[in-house]
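Have a look at the structure below before the remarks.
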There are 2 protein chains.
Amino acid sequence: MPAPTLQALFSNQPVEKFDCGAALFWEGDDATHVFEVLEGVLRIFRILGDGRRVITGFIYPGDLVGVSLKKRYLYTAEAITPTKVRRFTRMRFETEINESPELRPQLFARLCDEMAAAQDQMVLLARKNAEERVASFLLMLARRLCQDAALCPEIELPMTRLDMADYLGLTIETVSRTMTKLFNRKIIAPSGRHAIIIRNMKELATIAGDDDEDFRPTIHANVHQAVWPHA
Amino acid sequence: MPAPTLQALFSNQPVEKFDCGAALFWEGDDATHVFEVLEGVLRIFRILGDGRRVITGFIYPGDLVGVSLKKRYLYTAEAITPTKVRRFTRMRFETEINESPELRPQLFARLCDEMAAAQDQMVLLARKNAEERVASFLLMLARRLCQDAALCPEIELPMTRLDMADYLGLTIETVSRTMTKLFNRKIIAPSGRHAIIIRNMKELATIAGDDDEDFRPTIHANVHQAVWPHA
DNA sequence: CGTTAACTTGAATTTTGTCAATGCCTGTGG
DNA sequence: CCACAGGCATTGACAAAATTCAAGTTAACG
């Protein structure tokens, strides 16, 4: 018996295909299934009452969708490219996880990664300007798409500019202008509309602010001394 | 033997006190312990290289801190008010969780709640304006501090305006101005500097956009048809 | 009761969003 | 294989929202 992994768990399930724009599930649907993505890219998003859309993540092959949830899905998952997935019922998935001491920590680790990504995104949305957001985004893709980013500077952007905007909390125009600026500064180069080449990874990282996001213990200590008066 | 709960798990650990401004741990520290908060309020935050601060959450009694993590803490946790906590070593905590089929789903549920909160926050930061952000924040506190919000309209705000600003992705001035507007419109009333009274919960919820954040399936279907040209 | 930090308010500036027009891929059909 | 249509992306001019800078005001604590 091979070492049980999350991938292996799904490997006997039939493969399903989704076309561009097709939804795996909708926000508010009963959370009945968990999916593993084999091929393709998905966007997961929520929509406010007046139509504003927020993309909370992009899903790539190897990722799971629909795990970290409640009774109902908290977001819609939609294919950006032709996509292949395998699925489990939620109940069966939970049983399998619960019964396997090997699988549990794997799932836990994934949730922690997801949480870490969510926090990075909160930092981006709360305090980074347009240029920093776009740079951070491109850098994240670069890191996700290949381990040694220096080796494969070409990055595919399967999502539209509108997707990027709704992920970065910007408008499509601001994303476009910011990309143009990065092109002009030779930090990236266009490679068709849906790919770029990173020409200056170091500079991109500097702009993104991913360089030295480090804490500086001596400083914080007395800066933010909040006082609780009604003790 | 009583039904095992996460609270009970900590109940034999000694109680530790932290003063205002004291840190339980720093971003980047080895993640050695998990904490349960008994009393007080904490802020958890990260700092960018140039000093910009992002508060990713406020922690109240009953919450756990330091769980959803990697080798190192991803954020600093600092007491906003005099705080009492109990702690476990991470290792011992993991063992206990792993050995208890009752505790595991409880922890899992908490992580899912945390993930859901993180997504709400991403929506807030990506697409809501200042007024919506502040209203959402006050509403969240109201819901957290008492079940039936109508019954206890007074809400304590132990954090400073700067804390609120760094949580909401705004400046301290914008938070102040927005609060003033809500005061003038009689939606909330000040109760000292560190508490408010909600005078019109319904209106506050409308402003926050928490009313009808519902999906409208018929609309999305063909709106965001991204195309993948390089198939 | 005075000192100091926190908060509020105002005016000017900057960034990003909005609206509108143009340009360019991409996929389709001749 | 090429021409064309339609969506997507880019660009520009203007408007709006939030930030920045600069005083003032208030409230907590010694």
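This structure is a prediction, so every number in the text was calculated from the model and none was measured. All chains are named by letter (A, B, ...) in the order of the sequence lines, taking the proteins before the strands, and each is independently numbered beginning at 1.
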Review item, nucleotides 21-23 of chain D N/O atoms under 3.5 Å of protein N/O:
{"unit_1": "D/dC21", "atom_1": "N4", "unit_2": "B/Glu173", "atom_2": "OE2", "d": "3.0"}

Over how many whole Å does the gap from A/Leu162 atom CG to D/dA9 atom C1' extend?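 One finds 11 Å between C1' of D/dA9 and CG of A/Leu162, rounded.
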Salt bridge (charged side-chain N to carboxylate O under 4.0 Å, His left out) with [X]: which residues, sequence neighbours excluded?
X	value
A/Arg127	B/Asp166
A/Arg144	A/Asp63
B/Glu114	none
A/Lys181	none

Identify each donor-acceptor pair in which a side-chain atom of residues 171-180 of chain B lies under 3.5 Å from a protein atom, sequence neighbours left out, and give them as a table.
{"unit_1": "B/Thr171", "atom_1": "OG1", "unit_2": "B/Thr174", "atom_2": "N", "d": "3.3"}
{"unit_1": "B/Thr171", "atom_1": "OG1", "unit_2": "B/Thr174", "atom_2": "OG1", "d": "3.0"}
{"unit_1": "B/Thr178", "atom_1": "OG1", "unit_2": "B/Thr174", "atom_2": "O", "d": "2.6"}
{"unit_1": "B/Thr180", "atom_1": "OG1", "unit_2": "B/Ser176", "atom_2": "O", "d": "2.9"}

Does B/His194 put a side-chain nitrogen or oxygen below 4.0 Å from OP1 or OP2 of C/dC7?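 So the side chain of B/His194 is within the cut-off, an N or O lying under 4.0 Å from OP1 or OP2 of C/dC7.
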OP1 or OP2 of D/dT11 under 4.0 Å from side-chain N/O of A/Thr180: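 So the side-chain polar atoms of A/Thr180 do come within 4.0 Å of the phosphate oxygens OP1 or OP2 of D/dT11, strictly under.
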Only counting residues at least two apart or in another chain, list the ones meeting ring-ring contact (aromatic ring centres under 6.0 Å, His included) with A/Phe88.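 Partners of A/Phe88 by the ring-ring contact (aromatic ring centres under 6.0 Å, His included) criterion, ordered by chain and then number, come out as A/Phe10.
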Checking A/Asn200 now: which residues fulfil side-chain hydrogen bond (donor to acceptor under 3.5 Å, both in side chains) with it, not counting sequence neighbours?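 Not a single residue meets the side-chain hydrogen bond (donor to acceptor under 3.5 Å, both in side chains) criterion with A/Asn200.
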side-chain hydrogen bond (donor to acceptor under 3.5 Å, both in side chains) against A/Glu154, all qualifying residues, sequence neighbours excluded: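 A/Glu154 satisfies side-chain hydrogen bond (donor to acceptor under 3.5 Å, both in side chains) with A/Ser191 only.
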Just grab all the ring pair (Phe, Tyr, Trp, His ring centres under 6.0 Å) pairs involving residues 167-190 of chain B, residues at least two apart or on different chains.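 Listed once each, the pairs are B/Phe58-B/Tyr167, B/Phe137-B/Tyr167.
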Ring centroids only, cut at 6.0 angstrom: are B/Tyr75 and B/Phe45 within range, meaning strictly under it?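 No, they do not, as the ring centres are separated by 6.0 Å or more.
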Tell me which of B/Arg127 and B/Phe183 sits closer to the 5' end of DNA chain C, going by the nucleotide each one is nearest to.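 By nearest-heavy-atom nucleotide position, the 5'-most residue is B/Phe183.
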Can you tabulate the close N/O pairs, meaning under 3.5 Å, that link protein atoms to atoms of nucleotides 15-18 of chain D?
{"unit_1": "D/dA18", "atom_1": "OP1", "unit_2": "B/Ala130", "atom_2": "N", "d": "2.7"}

Note the angle between the end axes of the helix from C/dC1-D/dG30 to C/dG30-D/dC1, five pairs defining each, rounded to 10 degrees.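 Nearest ten degrees gives 40° for this helix.
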Considering only side-chain heavy atoms of B/Arg193, which listed nucleotide, D/dA9, D/dA27, C/dT8, is closest?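 Nearest listed nucleotide: D/dA27.
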Any salt bridge between B/Glu132 and A/Arg52, counting N to O under 4.0 Å?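 Salt bridge present between B/Glu132 and A/Arg52.
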